[in-house]
Structures are given as structure tokens and as C-alpha cells.
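Have a look at the structure below before the remarks.
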There are 2 protein chains.
Amino acid sequence: MSATSLAAMLRERGLRLTPQRQLILEAVHELGHATPESVHNAVRERAAGVNITTVYRTLELLEELGLVNHTHLSHGSPTYSSAKEHQHVHLVCRSCGSISEIDPGVMVPVTEQLLRERAFRVDVGHVSLFGVCGDCKEAE
Amino acid sequence: MSATSLAAMLRERGLRLTPQRQLILEAVHELGHATPESVHNAVRERAAGVNITTVYRTLELLEELGLVNHTHLSHGSPTYSSAKEHQHVHLVCRSCGSISEIDPGVMVPVTEQLLRERAFRVDVGHVSLFGVCGDCKEAE
DNA sequence: CTGTATGCAAACTTTTTGCAAGCTA
DNA sequence: TAGCTTGCAAAAAGTTTGCATACAG
């Protein structure tokens with residue numbers, strides 16, 4: 001996402017491009033799995049004064065624009081990630097808490113069936129699958 | 001889930017069967033999609049003194065025992081449901097907020113592939129798929 | 001200039017923790 | 001009786017809101 005295209009998307013809605021919005025979007029890209037708090041920390045390294053409130057408001061805005069998605073990977077805070085760059089499905093181990101990313105291609109059979117049978121269009125960038133990973137399964 | 005089998009599962013771990021634990025488990029069964037708050041309300045109709053703290057602690061316990069699962073259907077509170085009775089996958093429309101349940105069979109291709117290729121065992125009772133439902137898609 | 005965006009502070013909601021008293025086994 | 005459980009209160013975490021100031025266009 002370049003600054004100019006972000007600016008264009010904002011302007012289409014009568015909204016403005018601000019340093020905060022650029023920095024927050026960049027932070028989500030760089031962090032990969034970003035909670036509001038981790039975004040806040042990352043942004044403050046570059047611009048000390050940015051407020052957590054602005055982070056919340058901007059993440060919501062970026063999600064409306066379709067630039068980021070959020071999902072719940074564990075208890076507590078939501079996790080945001082870039083919508084455009086390499087979408088992925090999360091595998092969350094409920095035993096050791098590890099999070100891995102897999103190619104969303106694995107979901108194709110499901111998404112096609114749901115589209116066909118229920119006219120439901122799954123947002124693949126939003127999928128988290130919970131379960132037990134190989135390492136923890138051995139240890140059981 | 002009968003009271004006696006709950007009692008047995010608890011005793012195996014040196015834990016105790018209490019009225020609160022029975023009521024909370026029953027409430028999850030009856031409610032289907034139960035937030036901690038809705039469980040609290042349901043339980044208080046039968047036993048006024050039960051504290052929200054106990055609801056949180058008990059839901060966590062019941063999840064450890066494998067009797068309930070939780071998932072995040074939207075922003076905010078987690079949603080608990082019975083693990084044993086008819087497992088289902090949730091379809092959550094991010095446009096109108098509607099939640100529908102589908103047969104977990106739709107996930108079989110995915111779960112089998114992940115088990116085969118990554119030794120990851122998906123907990124199907126825990127899956128929520130976000131996207132846009134047919135009605136909202138028409139309206140776009 | 002106009003009106004959107006931000007920072008600040010405070011309120012709110014949800015969840016967790018510590019501890020004394022109560023109750024199950 | 002022993003020690004697991006509960007209720008209560010307070011703290012902690014996470015999120016939202018109102019408003020005056022700052023700033024993008």
C-alpha cells in the first residue's frame with residue numbers, strides 16, 4: 001500500500017491522509033500479527049505522541065476500507081493483519097498457544113461449497129482454526 | 001451430560017460437584033450460544049446468588065474438561081456452546097451480523113488435509129467463518 | 001477557511017485476582 | 001476435617017466517548 005493509494009481511498013470518502021494513518025497502516029504490515037497495543041508501541045517508536053485512541057479509531061477505519069482484517073487468535077485483544085499481502089489462515093494450538101500461518105488454498109473446498117449451497121462468501125483472510133498441533137499431540 | 005457423569009469427571013481430578021457447576025453447564029446447553037453474561041442471567045433465574053466470577057471460572061473449567069467450547073462470533077464477549085451435542089460451524093455475516101450454524105461436515109476436506117500434511121488436529125466445534133451472507137451480497 | 005482528525009481524560013465493559021467464609025466429599 | 005469453591009470487592013485490561021485543539025485539503 002503506497003501513501004498515494006491510501007490517500008486516494010481516503011479522499012474518495014472525504015477523509016484525510018495523516019501521518020498517524022500512514023504509520024498505523026505500515027505498522028500492521030510490518031508486524032504481521034498486530035494487536036492494538038503492539039501497533040501503538042510500534043508507531044510510538046517513530047512518533048512518540050500518537051495516542052492509543054487513534055490506533056483504535058484508525059484500525060477500525062482501515063478495516064472498513066478493506067486494508068486490514070482482524071481475527072481473534074486467543075483470549076483478549078483482537079489481532080489485525082494486512083488484507084492485501086499474502087492472505088493466510090491461522091492455525092492456533094490451544095495447548096501450546098503456537099500460531100502458524102498456512103496457505104488459504106486449503107480452504108477452497110469449503111469456500112466453494114458454501115458459496116454454491118448457501119451463497120455465503122467466506123472472507124478467507126479472517127479464518128482462524130483452533131486445535132492441537134503435531135508437537136502437542138505427540139506429548140499427549 | 002448427566003449430573004453423575006459430570007461428578008465423575010470432576011472427581012477424577014480431585015474436584016467437586018457443586019450446584020453452581022451443574023447450573024452453569026445446563027445453561028450452556030439450553031442457551032446454545034452463550035456469553036458469560038447470558039449464562040449468568042440464566043443461572044440467576046434459578047439461583048439468585050451466583051456470582052459472575054463463578055461463571056467465568058466454571059466456563060474455563062468446563063472447557064478444560066472438554067464439555068464446552070468457546071469461539072468469538074463478533075467483537076466483544078466470547079460465545080460458549082456445548083461440546084457434545086451436535087457440533088456445528090458458525091457462519092457470521094460481517095454485514096448484517098447474522099449467525100447461522102452449518103454441519104461441520106463441510107470442513108472435512110480441510111481437517112483431513114491439515115491432519116495429513118501438518119499433523120494439526122482441528123477442533124471443529126470451535127470454527128467460525130466470517131464473510132458476507134447471500135442476502136447482503138444481493139444488496140451490495 | 002472548513003470541517004476532519006487527534007490527543008487527552010474520563011467513563012465503561014469485560015475479565016481477573018486476593019482473600020475470608022462456606023461447603024463438598 | 002481438609003481443602004476445594006464461592007462470593008465479594010477491588011484491580012486490571014481492553015475499549016469507547018466527549019470535547020477542545022490541531023491540522024489536512
Side-chain angles (χ1 to χ4, degrees), chain A residues 3-27 33-44 46-65 67-68 70-80, chain B residues 3-25 27-28 33-44 46-65 67-68 70-80:
Chain A
T4 50
S5 62
L6 173 58
M9 297 187 69
L10 290 169
R11 200 153 48 202
E12 245 175 55
R13 299 193 172 204
L15 304 177
R16 296 170 185 176
L17 180 63
T18 64
Q20 287 89 334
R21 289 176 175 171
Q22 291 181 61
L23 289 168
I24 289 166
L25 180 56
E26 276 174 31
H33 294 155
T35 62
E37 192 192 349
S38 69
V39 170
H40 188 211
N41 289 333
V43 169
R44 277 195 297 187
R46 294 204 197 167
V50 178
N51 195 281
I52 185 76
T53 302
T54 301
V55 173
Y56 277 102
R57 289 193 277 227
T58 301
L59 288 173
E60 187 181 352
L61 171 63
L62 294 175
E63 188 153 39
E64 275 173 32
L65 294 176
L67 297 177
V68 305
H70 89 274
T71 183
H72 288 270
L73 296 184
S74 57
H75 274 195
S77 299
T79 303
Y80 288 81
Chain B
T4 50
S5 62
L6 174 58
M9 296 188 69
L10 289 168
R11 198 151 51 199
E12 245 175 55
R13 299 194 172 202
L15 304 176
R16 293 170 188 175
L17 179 64
T18 63
Q20 287 89 335
R21 287 177 176 170
Q22 291 181 60
L23 290 168
I24 289 166
L25 180 55
V28 173
H33 294 156
T35 63
E37 192 191 349
S38 70
V39 170
H40 188 210
N41 289 334
V43 168
R44 276 195 298 188
R46 295 205 197 165
V50 178
N51 195 281
I52 184 76
T53 303
T54 301
V55 173
Y56 277 102
R57 290 193 279 227
T58 301
L59 288 173
E60 187 180 353
L61 172 63
L62 294 175
E63 188 154 38
E64 275 173 32
L65 294 175
L67 298 177
V68 305
H70 89 275
T71 183
H72 290 270
L73 296 185
S74 57
H75 273 196
S77 297
T79 303
Y80 288 80

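Letters go in sequence order (proteins before strands), and every chain restarts at 1.
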Quick one: which protein N/O atoms are closer than 3.5 Å to N/O atoms of nucleotides 11-15 of chain D? Pair and distance per line, please.
| residue | atom | partner | partner atom | Å |
| --- | --- | --- | --- | --- |
| dT15(D) | OP2 | Y56(A) | OH | 2.4 |
| dT15(D) | O5' | Y56(A) | OH | 3.3 |

Margin query: Once salt bridge (Lys or Arg N to Asp or Glu O under 4.0 Å) is applied, do any residues pair with R46(B), and if so which ones, sequence neighbours excluded?
Written below: E26(B), E30(B)
Checklist line | Residue-phosphate contact under 4.0 Å: T18(B) side-chain N/O, dC23(C) OP1/OP2 | finding: no
Margin query: I'd like to check the ring pair (Phe, Tyr, Trp, His ring centres under 6.0 Å) partners of H40(A); sequence neighbours left out, ordered by chain and number.
Written below: none
Note to self: OP1 or OP2 of dT6(C) versus the side-chain N and O atoms of R21(A): is any pair under 4.0 Å?
What the structure shows: yes
Checklist line | Nearest-angstrom distance from the residue atom CD of E64(B) to C1' of dC4(D) | finding: 15 Å
Check: Does the side-chain contact (heavy atoms from CB on, under 4.5 Å) test come out yes or no for L67(B) and L61(B), once each step is laid out?
Finding: CA-CA 9 Å; L67(B) 298 177; L61(B) 172 63; over 6 Å; no
Check: Once you round it to whole Å, what is the distance between P of dA24(D) and CD of Q22(A)?
Finding: 10 Å
Notebook entry, point to check: Rounding to a whole Å, what distance do you find between L15(A):CG and dT2(C):C1'?
Noted result: 15 Å
Notebook entry, point to check: Taking it one step at a time, do Q20(B) and V43(B) satisfy side-chain contact (heavy atoms from CB on, under 4.5 Å)?
Noted result: CA-CA 8 Å; Q20(B) 287 89 335; V43(B) 168; over 6 Å; no
Notebook entry, point to check: Which nucleotide in the set dT4(C), dC4(D), dG7(C) lies at the smallest distance from any side-chain heavy atom of R16(B)?
Noted result: dC4(D)
Checklist line | Any residue meeting salt bridge (Lys or Arg N to Asp or Glu O under 4.0 Å) with E12(B), in chain and number order, not counting sequence neighbours | finding: none
Margin query: Looking at every heavy atom in both I52(A) and P36(A), which two are closest together, and how far apart are they?
Written below: CD1-O, 3.9 Å
Note to self: When you measure from the side-chain N and O atoms of Q20(B) to the phosphate of dG7(D), is any distance below 4.0 Å, counting only OP1 and OP2?
What the structure shows: yes
Next item on the list: If a protein heavy atom is under 4.0 Å from the base, mark B; if only from the sugar-phosphate, S; if neither, -; do that for nucleotides 8-13 of chain C going 5' to 3'.
Entry: BB----
Margin query: Between the base of dG25(D) and the side chain of R11(A), is there a donor and acceptor pair under 3.5 angstrom?
Written below: no
Item checked: Contacts of type side-chain hydrogen bond (donor to acceptor under 3.5 Å, both in side chains), residue E60(B), not counting sequence neighbours -> none
Next item on the list: Indicate the ring-plane relationship of H70(B) and Y80(B), choosing parallel, tilted or perpendicular according to the 30° and 60° boundaries.
Entry: tilted
Check: What's the verdict on side-chain contact (heavy atoms from CB on, under 4.5 Å) for L10(B) and L65(B), showing C-alpha distance, side-chain angles and the deciding distance?
Finding: CA-CA 8 Å; L10(B) 289 168; L65(B) 294 175; 3.8 Å; yes
